[in-house]
Amino acid sequence: MTSVLAVASEVFPLVKTGGLADVAGALPAALAPHGVAVRTLLPGYPAVMAALLDGVVAARFDDLFGGPARVVAATAKGLDVLALDAPHLYARDGGLYVGPDGRDWPDNAFRFAALGYAAAEIGRGATGLPAPEIVHMHDWQAGLAGAYLAYAPAPRPKTVATIHNMAFQGWFPESLRAALRLPPEAMAIEGVEYFGGVGFLKAALQFADHITTVSPTYACEILQPDGGLGLDGLLRARAADVSGILNGIDVGVWNPEADSALPAPFSAANPEGRDVCRRALARSFGLDLGDGPLFGVVSRLSSQKGLDLLAEATPTLLESGGSLALIGSGEAWLEERFRALAARHPDRIGVFIGYDERRAHLLQAGADAVLVPSRFEPCGLTQLCALRYGAVPVVARVGGLADTVIDANPAALSAGVATGVQFPSGDQAALEAALRRVAALHAQPEVWARIQRNGMRSDVSWDASAAAYADLYRRLAAAV
């Protein structure tokens with residue numbers, strides 16, 4: 001077995017704010033059949049510690065950035081977990097990254113430096129825990145592990161850094177360098193220095209033996225200035241070490257034939273229960289179902305996700321006979337905008353501000369189409385869940401959205417392979433044209449049903465991607 005220490009700031013089903021948690025939670029089980037044993041190190045947030053009923057203390061730190069800490073090993077909800085129990089950093093009310101006031105925790109540099117430091121110490125066998133062959137860093141919160149390992153004595157494990165979203169990079173002022181236990185030489189272009197400060201994601205990309213991101217198209221996009229967001233030069237210099245491995249979803253959790261959140265089960269072969277779910281979704285949002293498509297959105301409400309474009313395009317959606325059920329939270333002005341739209345059209349637009357896992361499952365099962373109008377999207381899991389549940393994904397042609405949805409153009413329709421609708425990103429007129437195209441396709445029941453069946457029969461599992469990760473780990477572990 002190849003041994004891997006995965007390092008992530010959130011892991012489903014223990015804690016989750018977004019797709020990173022889904023990936024970190026699903027990969028270990030998907031990798032096991034490929035001969036990879038994964039232990040996952042994550043912060044000991046209150047919810048995590050409460051789940052570790054059989055935890056044992058596997059390592060201790062006398063002073064981890066301001067206080068003592070323990071590494072608690074346990075099996076929790078099917079995961080082999082190492083929880084970094086540092087109450088001075090994690091035992092607090094509020095979000096994983098922000099406090100009750102909605103602002104970043106002021107000590108986030110130390111909260112996630114601690115995660116990276118612990119990962120590095122475990123990785124090089126300095127804690128008494130078995131040293132892994134690979135340390136896999138997920139996003140900026142784990143990024144300093146790469147620097148701590150690079151500046152530590154050998155032997156060192158091989159490292160992989162995965163970029164889930166280039167927009168979140170973890171930058172902190174240079175004045176924290178010494179307190180972060182980084183040597184003076186780290187403040188160099190070949191180190192962690194990034195625009196005069198300490199770059200956590202920069203550190204991961206600088207020092208990782210291999211860099212992955214979550215779709216092949218996004219792996220190309222981040223090599224360009226628009227996609228690389230300041231790190232494209234480093235990524236181009238390391239292009240031979242950059243690859244895109246497409247995300248999947250846990251098809252056990254997302255299974256319309258056995259989903260307790262649904263009022264009726266269904267499948268591609270037996271789709272009848274889907275209409276029951278459609279009516280239930282409409283009732284839960286107070287919507288009147290007409291002849292047009294019922295659109296769904298499950299998203300962070302932000303400009304990156306293109307939700308401002310959707311707000312402007314709602315007249316076209318309504319004129320096309322459509323209705324909208326939306327689940328999400330994010331930028332306050334967008335939350336208010338969608339609340340106002342729902343108040344103006346209460347029988348056609350329903351809004352739930354926040355997130356609820358069961359409601360999200362019902363939306364995927366009941367919506368005719370799921371909208372993902374992102375300006376950029378590394379991979380996206382929403383469209384994968386939509387495919388699995390027969391909700392036709394309507395997506396911007398970027399990143400993993402472009403890699404996972406086959407546009408219902410005339411050639412694809414003629415070949416019988418279409419699974420959704422694509423349109424150019426960042427363009428309101430293009431989104432409106434896509435909404436009209438969806439309405440026209442929905443008005444052709446046989447065509448629409450074929451698109452749904454194609455989507456439900458798509459392979460959105462982790463099988464192929466887990467094999468790719470396993471091959472990468474083995475190649476790195478075998479390299480001199």
Side-chain angles (χ1 to χ4, degrees), residues 1-17 20-65 67-96 111-112 114-138 141-142 145 157 249-255 258 260 357-358 462 466 469-470 473:
M1 297 285 282
T2 304
S3 59
V4 175
L5 177 69
V7 190
S9 59
E10 54 185 86
V11 179
F12 180 83
L14 298 174
V15 282
K16 172 180 173 178
T17 68
L20 164 62
D22 291 308
V23 174
L27 255 180
L31 285 164
H34 298 278
V36 178
V38 179
R39 301 189 88 174
T40 303
L41 175 69
L42 76 163
Y45 309 114
V48 172
M49 300 312 300
L52 305 190
L53 301 179
D54 62 344
V56 297
V57 177
R60 295 181 185 274
F61 297 93
D62 292 335
D63 179 13
L64 191 64
F65 299 103
R70 312 178 304 164
V71 176
V72 178
T75 299
K77 300 187 178 180
L79 297 167
D80 188 356
V81 169
L82 296 175
L84 183 58
D85 183 25
H88 61 291
L89 298 173
Y90 308 125
R92 56 185 69 170
D93 296 330
L96 306 189
R111 296 174 76 234
F112 297 110
L115 183 67
Y117 188 87
E121 292 297 281
I122 295 167
R124 66 190 191 90
T127 65
L129 283 161
E133 295 170 89
I134 306 289
V135 171
H136 188 159
M137 304 170 284
H138 289 277
Q141 294 92 344
I249 59 172
D250 187 330
V251 294
V253 172
W254 291 95
N255 179 7
S260 65
E357 190 77 16
R358 292 181 67 84
W462 275 104
Y469 274 116
Y473 295 149

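Hydrogens, waters and symmetry mates are skipped; everything else that's a heavy atom, side chains included, is used.
Considering every non-hydrogen atom in both Ala51 and Ala76, the closest pair reads O-CB, 4.1 Å. Across Leu129 and Ala58, no two heavy atoms sit closer than the pair CD2-CB, 3.5 Å. Counting all heavy atoms, side chain and backbone alike, Ile122 lies closest to Pro132 at O-CD, 3.6 Å. The minimum heavy-atom distance between Arg39 and Pro130, with the atom names listed, is NH1-CD, 4.3 Å. Here the closest non-hydrogen pair linking Pro28 and Ala24 is CD-O, 3.2 Å. Contact between His34 and Ala466 at its shortest, heavy atoms only, is CD2-CB, 3.9 Å.
With respect to Val72, the side-chain contact (heavy atoms from CB on, under 4.5 Å) criterion is satisfied by exactly one of Leu82, Val48, Val56, Leu52: Leu52. Of the candidates Glu10, Arg111, Gln141, Glu10 is the only one forming a side-chain contact (heavy atoms from CB on, under 4.5 Å) with Leu96.
Atom CG of Asp250 sits about 10.0 Å away from atom CG of Asn255, to the nearest 0.5 Å. Here the CD1 atom belonging to Ile249 is positioned 7.0 Å from the CH2 atom belonging to Trp254, to the nearest 0.5 angstrom. In this structure, Thr40 OG1 and His138 NE2 are separated by 7.5 Å, a value rounded to the nearest 0.5 Å. Rounded to the nearest 0.5 Å, atoms CG (Leu41) and CE (Met137) are 12.5 Å apart.
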Exercise for the section: I would like to know whether Thr127 and Val71 meet side-chain contact (heavy atoms from CB on, under 4.5 Å); could you show each step before the answer? Expected result: CA-CA 9 Å; Thr127 65; Val71 176; over 6 Å; no

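When side chains are defined from C-beta on, Pro46 does not count as touching Asp93, because their heavy atoms never get closer than 4.5 Å. In this structure, the side chains of Leu42 and Val15 come closer than 4.5 Å at one or more pairs of heavy atoms. Looking only at side-chain heavy atoms (C-beta outward), Tyr90 and Leu84 come within less than 4.5 Å of each other. Within the 4.5 Å cutoff, no side-chain heavy atoms of Leu31 are placed close to those of Trp462. Using a 4.5 Å cut-off on side-chain heavy atoms (C-beta onward), Ser9 and Leu20 make contact.
Among pairs with a residue in residues 69-79, those fulfilling salt bridge (Lys or Arg N to Asp or Glu O under 4.0 Å) read Arg70-Asp85, at least two apart in sequence or across chains.
The aromatic rings of Tyr469 and His136 sit tilted, their planes meeting at an angle between 30° and 60°. Taking the six-membered ring where tryptophan is involved, the planes of Tyr117 and Phe65 are perpendicular, since the angle between them exceeds 60° and thus also 30°.
In this structure a side-chain-to-backbone donor-acceptor pair under 3.5 Å is missing from Ser3 to Ala37.
Within 6.0 Å of CG on Asp54 lie more than 12 heavy atoms contributed by other residues, nucleotides or ligands.
Every side-chain contact (heavy atoms from CB on, under 4.5 Å) that Asp22 has, sequence neighbours left out, goes to Phe12, Lys16, Leu381.
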